[in-house]
Amino acid sequence: MPRLLATQSHVVHGYVGNKAATFPLQCLGWDVDCCNSVQFSNHTGYGMDKVFGNITKSDNLNQLLAGLFQNFPHDYEALLSGYLPNADSVRCMGTHYTEYKKQNPKALWLMDPVMGDEGQLYVSEDVVPEYRSLALSADGIVDIITPNQFELEILCGQKITSFTQLKNALQFLHESIPIIIVTSCDSKLFNDEGHIYCVASMRDEEAYVFRIPYIDSYFTGVGDLFSALLLDRVYNLLNDETSNLKFEDQINDVLNVIQRVLRVTKSFAPDDVKSTMGSIETMKQMELKIIQSRDLYDSIPSKDCKFNSAIKDEKFMVKRF
């Protein structure tokens, strides 16, 4: 059974960060160790004034990671990093993960550079150079990165308003990172506001564009679930030499699983409910149904699945470039 270390947020109520990633990975056969960068009562979608708890101080985070890697120097087949609230925590995680990767070069590191979206940062500005340093490292220590378009622009230092600029940004980042998944792109690039677009690229190969139906509601934790599933699929792709798995099919598979979970989540809420930021009642109703979706995380859902209506697998890939 492969073992994974995940360093990202934790909430007591709801499913974001490690709460969104751990159970699905366990269902897929992973032994998951969690290092929490924050411990909050709930996620920020409920309203900043309704979030209670604390940020893990960098000294404490350093003690946790240093102790883990001292005691278990070769135990992890994969590393996952997500939300880290400030520059010190990003630097701390990066230092320890980098050292582990140097000692264990076959370990797979997926880094989600959580900084912001739609032109707005939601971390301290001093986080940006820390993520750039990791993403652009000449050592090539990060294997997979999952920025949205805004985060990709931050890492590359330029706006992206055309396919040519998108391609140039991917090529620039591929100098240090083999696999890039742009989890969401500006719909203006595709003149299609009714869908979400995801772009997946492996170094020295064509990039793939995926067109995903837009569900009109506000969900949290989707990116954390996506990263966890993606890490599982890429790990299998790289480690199963007898398989005929293809990169683009694995991405499509992950997107289908996400759609299944969202459909299950919607099925538990009243038909007319759309969650909105700051609304406790609607946000609670749209918390991802991570436990209820337990039979849906594998490529082929369990035969005993109670939510067969959620299984409507599609081909989302629409373009190569």
Side-chain angles (χ1 to χ4, degrees), residues 1-11 15-39 43 56 61 64-65 68-69 72-85 89-115 123 127 130-131 134-135 137 140-148 151 155 177-183 200 220-239 250-251 253-254 257-258 261 288 290 297:
M1 178 179 290
R3 184 182 293 272
L4 173 147
L5 174 63
T7 302
Q8 55 186 337
S9 63
H10 170 79
V11 292
Y15 293 93
V16 300
N18 277 331
K19 283 283 291 289
T22 302
F23 182 72
L25 284 168
Q26 289 170 332
C27 289
L28 292 166
W30 286 86
D31 200 346
V32 183
D33 288 352
C34 296
C35 185
N36 300 326
S37 60
V38 303
Q39 177 160 284
H43 62 70
T56 304
L61 188 63
L64 286 168
L65 292 174
L68 274 171
F69 290 137
F72 313 107
H74 308 292
D75 279 36
Y76 298 107
E77 281 76 26
L79 305 171
L80 174 63
S81 58
Y83 176 75
L84 294 147
S89 57
V90 176
R91 189 181 310 116
C92 177
M93 175 280 299
T95 298
H96 288 291
Y97 273 30
T98 297
E99 184 59 31
Y100 185 85
K101 275 282 294 181
K102 288 180 178 179
Q103 299 299 320
N104 302 271
K106 292 185 178 180
L108 192 66
W109 178 3
L110 186 152
M111 182 173 77
D112 184 1
V114 182
M115 292 182 283
V123 294
V127 166
E130 298 298 332
Y131 271 126
L134 292 172
S137 170
I141 50 172
V142 176
D143 300 291
I144 311 167
I145 195 167
T146 56
N148 56 42
E151 291 161 342
L155 293 172
I177 301 177
I179 299 175
I180 305 166
I181 313 295
V182 188
T183 56
T220 55
V222 176
D224 305 314
L225 176 59
F226 179 89
S227 293
L229 296 170
L230 175 66
L231 193 153
D232 169 74
R233 299 311 198 266
V234 173
Y235 178 84
N236 292 334
L237 180 69
L238 298 178
N239 287 278
Q250 294 297 81
I251 305 304
D253 183 35
V254 170
V257 174
I258 295 294
V261 174
L288 295 181
I290 293 292
Y297 297 124

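When a residue number appears, it is its place in the shown sequence, counting from 1. The figures here come from the full heavy-atom set of this structure, side chains too, leaving out hydrogens, waters and symmetry mates.
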If you look at every heavy atom in [X] and [Y], which pair is closest and at what distance?
X      : Y      : answer
Val123 : Val114 : CG1-O, 3.7 Å
Ala200 : Ile251 : CB-CG1, 3.9 Å
Pro2   : Gly29  : CD-O, 3.6 Å
Pro85  : Ser37  : CD-CB, 4.1 Å
Gly94  : Leu134 : CA-CD2, 3.8 Å

For Gln39 and Thr56, what are the C-alpha separation, side-chain angles and deciding distance, and is it a side-chain contact (heavy atoms from CB on, under 4.5 Å)? CA-CA 7 Å; Gln39 177 160 284; Thr56 304; 5.9 Å; no

Pairwise distance [atom1]([X]) to [atom2]([Y]) - rounded to 0.5 angstrom:
X      : Y      : atom1 : atom2 : result
Lys19  : Leu288 : NZ    : CG    : 11.5 Å
Leu5   : Asp75  : CG    : CG    : 10.5 Å
Ser227 : Gln8   : OG    : CD    : 7.5 Å
His43  : Thr220 : NE2   : OG1   : 3.0 Å
Tyr15  : Leu225 : OH    : CG    : 12.0 Å
Leu84  : Cys35  : CG    : SG    : 9.0 Å

From the options Ile145, Asp112, Thr146, Val234, select the one residue that forms a side chain to side chain contact (heavy atoms under 4.5 Å, CB included) with Ile181.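 Answer after filtering Ile145, Asp112, Thr146, Val234: Thr146.
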
Passing option when Phe226 is tested against Leu231, Val257, Ile258 for side chain to side chain contact (heavy atoms under 4.5 Å, CB included):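 For Phe226, the side chain to side chain contact (heavy atoms under 4.5 Å, CB included) check succeeds only for Ile258.
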
Taking side chain as C-beta onward, heavy atoms only, is [X] less than 4.5 Å from [Y]?
X      : Y      : value
Asp31  : Leu4   : no
Leu28  : Arg233 : yes
Glu151 : Tyr131 : no

Is it the case that the side chains of Thr7 and Tyr97 hold a donor-acceptor pair, with the cut-off being a distance below 3.5 Å and no angle test?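 Short answer, yes.
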
Is it the case that the side chains of His74 and Asn104 hold a donor-acceptor pair, with the cut-off being a distance below 3.5 Å and no angle test?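 Result is yes, a qualifying pair exists.
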
Report the C-alpha distance between Asp224 and Tyr83 in whole Å, list the side-chain angles of each, state the deciding distance to 0.1 Å, and finish with yes or no for side-chain hydrogen bond (donor to acceptor under 3.5 Å, both in side chains). CA-CA 9 Å; Asp224 305 314; Tyr83 176 75; over 6 Å; no

Please determine whether side-chain contact (heavy atoms from CB on, under 4.5 Å) holds for the pair Leu110 and Leu79, giving the CA-CA distance in whole Å, both sets of side-chain angles, and the decisive distance to 0.1 Å. CA-CA 6 Å; Leu110 186 152; Leu79 305 171; over 6 Å; no

Charged N-O contact under 4.0 Å between Asp143 and Lys101: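 A salt bridge is present here (some side-chain N lies under 4.0 Å from a carboxylate O).
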
Electrostatic pair Arg3:Glu77 at N-O distance under 4.0 angstrom: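 Looking at Glu77 together with Arg3, the answer is no, because their closest N to O distance does not fall below 4.0 Å.
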
Between Tyr100 and Trp109 (judged by ring centroids, cut-off 6.0 Å), do the two rings come close enough to count as a pair?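 No.
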
Students often mix this up, so state it plainly: with edges at 30° and 60°, are the rings of Phe23 and Tyr297 parallel, tilted or perpendicular?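 Phe23 vs Tyr297 ring planes: perpendicular.
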
Is there a donor-acceptor pair closer than 3.5 Å between any side-chain N or O of Glu130 and the backbone N or O of Val90?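 No.
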
Show, in sequence, the C-alpha distance, side-chain angles and deciding distance for Asn18 and Ser9, and conclude whether the side-chain contact (heavy atoms from CB on, under 4.5 Å) test is met. CA-CA 6 Å; Asn18 277 331; Ser9 63; over 6 Å; no

